[in-house]
Enquirer: 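Before we start, here is the structure in question, set down as structure tokens.
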Amino acid sequence: MNQRWKNSVFVIPFSVIFFVFLLFPFFYAFYLSFFKITDLSNIFGGLKFVGFRNYEFVLRDKEFLYSVWLSFKYALLMIPLNIGLSIFLAMLLRANIKVNKLYRTLFFMPFVLDAFVVGVVWTILYAGKYGFLVQLLKPLLSTKVYNTGFLGNPSTAMPAVVFAIALKNVGFGTILYTASLNNISQDIEDAAKIDGAAGLKKFVKITFPLVRNTTTFLVITGIIGAFSAFSEFFAMTGGGPIVQRWGEPLGATKVSGYYLFNHISNLRLGVASATSFILLILTLGISILYSRATKE
Amino acid sequence: MKRTVFWKYFFISLFLIICLFPFFWMLITSLKPEGEALLISLPTRITLDNYKNVLLQYNFYRYFLNSLIVATISAMVSTLFASLAAYAFAKKEFPLKNFLFWFFISSMMVPGLLYVIPQFLIVYQFRWINRYEGMIVPHLANVFGMFLITQFLKDVPDSLLESARIDGAPEYQIFLKIVMPLTLPVIATVFLLNFQFHWANFLWQLLVAQTESMYTVPVGLAMFKSAHEEAYALKMAASTVSLMPIVILFFLAQRYFIEGITQGALKE
């Protein structure tokens, strides 16, 4: 019995950090979401109980509701694009030969890079007037987009961020799909061939359903990613450009992660905590709904 | 047949070029004199001035050093903590073992942004704002890494550990001399993933670093970017400095990166 307790020594360092910096913060954030911080120098004492008022404030804040809508929009653009490109590349690079492995590695490389810095790099490609892409595509663009650049125009800013990040992440999905494509047994492929299924029909009816675990994984991580996305927007758009929506000036790319960041950086910590719990429930809710709906 | 193969690779190569083009353009721009930074052309003369200015005049050498210190120490310590815990979870019995393991794993469901505020307040109470401790310590419990090492260790035969125990080796020696070397591939993976995470732990470092001397590379880049919107060539030199270490690590150890990241995804 004594030995059993002694064995737990190995988990102590990890557990201490976990309890102090992950578990306690989780509950403390929940606690804080019912308080207003009155004295920042004494954050454990300078608190005033406000009940559900922080939640009420956030749920009635048009800026918050709009930011949630923008995160949805981001997810709706990003997830299909990412999945489409990834599975397409995975089908093409499926065979495990040297060339394909090299390609997969090269596609994967940007995935490990910092989204913030990659965003900064894209700002010079997307810049207006003298920017690379507006000069390249000049004949195709309206003068408005030409002058502001892709990130300065309300209708192009969001798709531009999606495009940049989709290219950065495509290698991840490709590698996952390659692995699950190669797990499909040869029998099924042969049976499909005998039945005369080929091309697009075979893909839609047989191949795509067989890799649905990977698709589910990418959708769920995509949803979580969309509701916590921040760095790429911070780098590329700063939440802007400002548009007039719902009778208020709102940021056209100020997604929910950005909304949360603004509360944190303005030290409205009670409101920020309430925001993060609302977002947590939202993400978990959507993820559960999605995985229920796809479990045939 | 041959022709379709050609077109297939032609098409894939084209797409790859689009994906990697931003990094190529970053590099090209960083080597240009500022005056021609935005021209669609190769540099008329290649200059390293941007790097010199960014590193010395704008202190990126200091930010780089900070990033290196934070990422290296964090990666080393969190990998050590993770492998110690993993060893116990995979090979030992202790009270509440299964409950704890399940508990740790389920925390991966919670998005990191939720922890930021309380973590910041705790760090504030510890007077770790603007210090390395504040950047490093809150992220030393790497659940995902611990999970990877545990799975790997479960496949190591017990007989290897038993024979050492019979020889009378103390526990810490068994851990250092047998467990660590056996798990080296997965430890390398966890180390690299941790290093990469801390190298890009932008939001947290932005909150903790308050004075310029404590900036890490991404924080320095953010500040530089907002102060010098128009300095394109310098910005690209700073971006290159920031991305280069991870690119190099990736190509040196791509197998560990790819296996680590995808294994985790496939097991979830």
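Lettering of chains follows the sequences in order, A, B, ..., and the numbering in each one begins at 1.
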Enquirer: Tell me if the aromatic rings of A:Phe107 and B:Phe15 count as close, with their centers under 6.0 Å from one another.
Expert: yes
Enquirer: With sequence neighbours excluded, what pairs up with B:Trp204 under the ring pair (Phe, Tyr, Trp, His ring centres under 6.0 Å) test?
Expert: B:His139
Enquirer: Indicate, with yes or no, if the rings of B:Phe202 and A:Phe234 have centres closer together than 6.0 Å.
Expert: yes
Enquirer: Can you tell me which portion of A:Phe19 sits under 4.5 Å from chain B's heavy atoms? Options are side chain, backbone, both or neither.
Expert: side chain
Enquirer: What residue, out of A:Val112, A:Val11, A:Thr123, has the most heavy-atom pairs lying under 4.5 Å from chain B?
Expert: A:Val112
Enquirer: For chain B, which of A:Phe261, A:Phe227, A:Phe30, A:Phe277 has the most heavy-atom pairs under 4.5 Å?
Expert: A:Phe277
Enquirer: Under 4.5 Å from any heavy atom of chain A, what part of B:Leu206 do you find: side chain, backbone, both or neither?
Expert: side chain
Enquirer: Could you go through the side-chain contact (heavy atoms from CB on, under 4.5 Å) check for B:Ile122 and A:Phe24 one step at a time?
Expert: CA-CA 10 Å; B:Ile122 296 168; A:Phe24 172 70; 3.6 Å; yes
Enquirer: So, do A:Phe27 and B:Pro118 sit near enough that their side-chain heavy atoms are less than 4.5 Å apart?
Expert: no
Enquirer: Let me confirm one number: the OG-NZ distance from A:Ser8 to B:Lys97, rounded to the nearest 0.5 Å.
Expert: 12.0 Å
Enquirer: Work out which heavy atom in A:Pro25 is nearest to a heavy atom in B:Gln119; give both atom names and the distance.
Expert: CG-CG, 4.2 Å
Enquirer: Determine whether A:Ser276 and B:Leu113 satisfy the following criterion, side-chain contact (heavy atoms from CB on, under 4.5 Å), listing intermediate values before the conclusion.
Expert: CA-CA 7 Å; A:Ser276 46; B:Leu113 275 176; 5.7 Å; no
Enquirer: Is any side-chain heavy atom of A:Phe10 closer than 4.5 Å to one of B:Phe94?
Expert: no
Enquirer: B:Ala86, B:Ala82, B:Ala141: which one forms the most heavy-atom pairs within less than 4.5 Å of chain A?
Expert: B:Ala141
Enquirer: Could you look at B:Gln196 and say if it's the side chain, the backbone, both or neither that has a heavy atom under 4.5 Å from chain A?
Expert: side chain
Enquirer: Output the distance between atom CG (A:Asn7) and atom NZ (B:Lys91), rounded to the nearest 0.5 Å.
Expert: 13.5 Å
Enquirer: Report yes if the distance between the aromatic ring centroids of B:Phe89 and A:Phe14 is under 6.0 Å, otherwise no.
Expert: no
Enquirer: Of the listed residues (B:Phe197, B:Trp199, B:Tyr115, B:Phe251), which shares the most heavy-atom pairs with chain A below a 4.5 Å separation?
Expert: B:Tyr115
Enquirer: Can you tell me which of B:Ser78, B:Ser83, B:Ala88, B:Ala222 forms the most heavy-atom pairs within a distance under 4.5 Å of chain A?
Expert: B:Ala222
Enquirer: Quick one: CG on B:Leu114 to OG1 on A:Thr275, what's the gap to the nearest 0.5 Å?
Expert: 10.5 Å
Enquirer: From B:Phe103 CZ over to A:Phe18 CZ, what is the distance, rounded to the nearest 0.5 angstrom?
Expert: 5.5 Å
Enquirer: Where does A:Ser15 contact chain B at under 4.5 Å (heavy atoms): side chain, backbone, both or neither?
Expert: both
Enquirer: Might you work through the side-chain contact (heavy atoms from CB on, under 4.5 Å) test for B:Phe21 and A:Leu167, ending with a clear yes or no?
Expert: CA-CA 10 Å; B:Phe21 181 78; A:Leu167 289 191; over 6 Å; no
Enquirer: If I compare all heavy atoms of A:Leu106 with all of B:Leu20, which pair ends up nearest, and what's the gap?
Expert: O-CD2, 4.0 Å
Enquirer: Using heavy-atom distances under 4.5 Å, tell me whether A:Ile264 contacts chain B through its side chain, its backbone, both, or neither.
Expert: side chain
Enquirer: Relative to chain A, which segment of B:Phe126 carries a heavy atom at a distance below 4.5 Å: side chain, backbone, both, or neither?
Expert: side chain
Enquirer: Of all of A:Leu85, A:Leu260, A:Leu93, A:Leu22, which one pairs up most often with chain B through heavy atoms under 4.5 Å apart?
Expert: A:Leu22
Enquirer: Considering heavy atoms only, which positions within residues 233-241 of chain B lie below 4.5 Å of chain A?
Expert: B:Lys235, B:Met236, B:Ser239
Enquirer: Can you say whether A:Ala235 sits under 4.5 Å from chain B via the side chain, the backbone, both, or neither, judging by heavy atoms?
Expert: backbone
Enquirer: Out of A:Leu23, A:Leu136, A:Leu279, A:Leu284, return the one with the most heavy atom pairs under 4.5 angstrom to chain B.
Expert: A:Leu23
Enquirer: Got A:Phe26 and B:Ser107 here, is their nearest side-chain heavy-atom distance under 4.5 Å?
Expert: no
Enquirer: Give the minimum heavy-atom separation between B:Pro22 and A:Val121, together with the two atoms involved.
Expert: O-CG1, 3.3 Å
Enquirer: A:Leu32 vs B:Leu121, test: side-chain contact (heavy atoms from CB on, under 4.5 Å). Steps then yes/no.
Expert: CA-CA 11 Å; A:Leu32 272 181; B:Leu121 297 182; 3.5 Å; yes
Enquirer: Quick check: are there more than 12 heavy atoms from other residues, nucleotides or ligands sitting under 6.0 Å from NZ of A:Lys138?
Expert: no
Enquirer: Which atoms of A:Val99 are under 4.5 Å from chain B, going by heavy atoms: the side chain, the backbone, both sets, or neither?
Expert: side chain
Enquirer: Select, from B:Val143, B:Val116, B:Leu100, the one with the greatest count of heavy-atom pairs under 4.5 Å involving chain A.
Expert: B:Val143
Enquirer: Any side chain to side chain donor-acceptor pair (under 3.5 Å) involving residues 99-120 of chain A? Give me the pairs, sequence neighbours left out, ordered by first then second residue.
Expert: A:Asn96-A:Arg104, A:Asn100-B:Tyr9, A:Tyr103-B:Ser13
Enquirer: In terms of heavy-atom pairs under 4.5 Å with chain B, which of A:Ala29, A:Ser287, A:Gly171 leads?
Expert: A:Ala29
Enquirer: Applying salt bridge (charged side-chain N to carboxylate O under 4.0 Å, His left out), name anything that partners A:Lys168, two or more places apart in sequence or on another chain.
Expert: none
Enquirer: Under a 4.5 Å heavy-atom cut-off, does chain B meet the side chain of A:Val170, its backbone, both or neither?
Expert: side chain
Enquirer: ring-ring contact (aromatic ring centres under 6.0 Å, His included) between A:Tyr130 and B:Tyr232: does it pass, once the steps are laid out?
Expert: CA-CA 11 Å; A:Tyr130 307 105; B:Tyr232 297 101; 9.2 Å; no
Enquirer: What heavy-atom pair brings B:Pro218 and A:Phe116 nearest, and what distance separates the two atoms?
Expert: O-CE2, 3.4 Å
Enquirer: Name the member of B:Asn142, B:Leu192, B:Val77, B:Asn201 that forms the most heavy-atom pairs with chain A at distances under 4.5 Å.
Expert: B:Asn142
Enquirer: Heavy-atom pairs under 4.5 Å with chain B: which of A:Asn213, A:Leu280, A:Val20 has the most?
Expert: A:Leu280
Enquirer: Can you establish whether the number of heavy atoms outside A:Lys36 located under 6.0 Å from its atom NZ is more than 12?
Expert: no
Enquirer: Between B:Ile117, B:Ile246, B:Val217, which residue shows the highest count of heavy-atom pairs closer than 4.5 Å to chain A?
Expert: B:Ile117
Enquirer: Heavy-atom cut-off 4.5 Å, strictly under: side chain, backbone, both or neither for B:Leu207 against chain A?
Expert: side chain
